[in-house]
Amino acid sequence: MTQTILKPSAKKALLIDGKAASAAVLERVAREAAILTVKPGLAVVLVGEDPASQVYVKSKGKAAHSCGFHSVQYDLPATTSESELIGLVRTLNADPAIHGILVQLPLPAGIDSSKVLETIAPEKDVDGFHPVNVGLLATGLAERALVPCTPAGAMLLIEEAAKALGRDISGAEAVIVGRSNIVGKPMAQLLLAKNATVTIAHSRTKDLPDVARRADILVAAVGRPEMIRGDWIKPGALVIDVGINRVPGVEPGKTRLVGDVALDEAIAVAGAITPVPGGVGPMTIAMLMANTFRAARLSLA
Ligand code: GUN
């Protein structure tokens, strides 16, 4: 990426433009896919009718088409059994036209998600949730792993912003609020791999605002609307807000999206911050396409 993704705001912090960064990733993936000898294939599996999942899955299919991929979607009823779902995953594992398999979470009650995710062939696990990929990342072998899309996208924004601001990630104090397998833990591994000093804070952390205030790089991934206030932020810090929370809007009956960080307060203190919407959100799908491209290329090796 040659152009900076940092945009001025009316207050102190620069805004990190995830839409621009995502568009750049998608453009590069489409360009590289066009000259690959195999068409990357992505299969997305949706079980049940969760409206938010339906929206996400639709955007994943759209992005796959925009990159010139072979894209298939399986819509299964909420009554699908665990063994039926595992059967479909096994079929996709064996399908040479499919390089990436994504089973949308959450799965209906009664289906053991970890059993399903562990059935996905690690080399087709474009979500990066399989224990083999988790283990490769944890042992410092990220170059051989498929890395979970949201933290991979957040890391790309951190690297771009740090470069534009002339900051080092190496030796920086990084605090991640949230310890999920999907974001918090892999985010910690990615920052550690870049030699940051990493703290994972969570709901039981004592004096959480004090811990957060130590951070040169603060990553919020808790799923609680605007929990992180302006006075939790070290002046000049790089703030990455992974939260996407729907809350009641100003007008009755309307809703709006907010992050885990109180943006209006944080923007007066931080050095640079990802807004919600338009920050980390758009990166997830872009990194899914990058992972699918990578899985297709590795299938040729
Ligand atoms: N549900 C919400 N985010 C994700 C994701 O990144 N991957 C999958 N498979 N399901 C999700």
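Whatever order the structure lists them in is the order used to number ligands and atoms, beginning at 1.
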Subject >> Those protein residues which place at least one heavy atom below 4.0 Å from ligand 1 >> reply: L102, V103, Q104, L105, D127, F129
**OP:** Check whether the side chains of K60 and Q104 place a donor and an acceptor atom closer than 3.5 Å, and report yes or no.
**Re:** yes
Original post:
Do D168 and S170 have side-chain atoms, one donor and one acceptor, less than 3.5 Å apart?
Top reply: no
**OP:** Could you identify which residues cluster with V247, counting Ile, Leu, Val, Met, Phe, Trp and Tyr as linked when any side-chain heavy atoms lie under 4.5 Å apart, either directly or through a chain of such contacts?
**Re:** V258
**OP:** Decide, yes or no, whether a salt bridge links D216 with R167 under the criterion of side-chain N to carboxylate O below 4.0 Å.
**Re:** no
**OP:** Could you tell me whether K194 and E159 make a salt bridge, using a distance below 4.0 angstrom between a side-chain N and a carboxylate O?
**Re:** yes
Original post:
Got T292 and L102 here, is their nearest side-chain heavy-atom distance under 4.5 Å?
Top reply: no
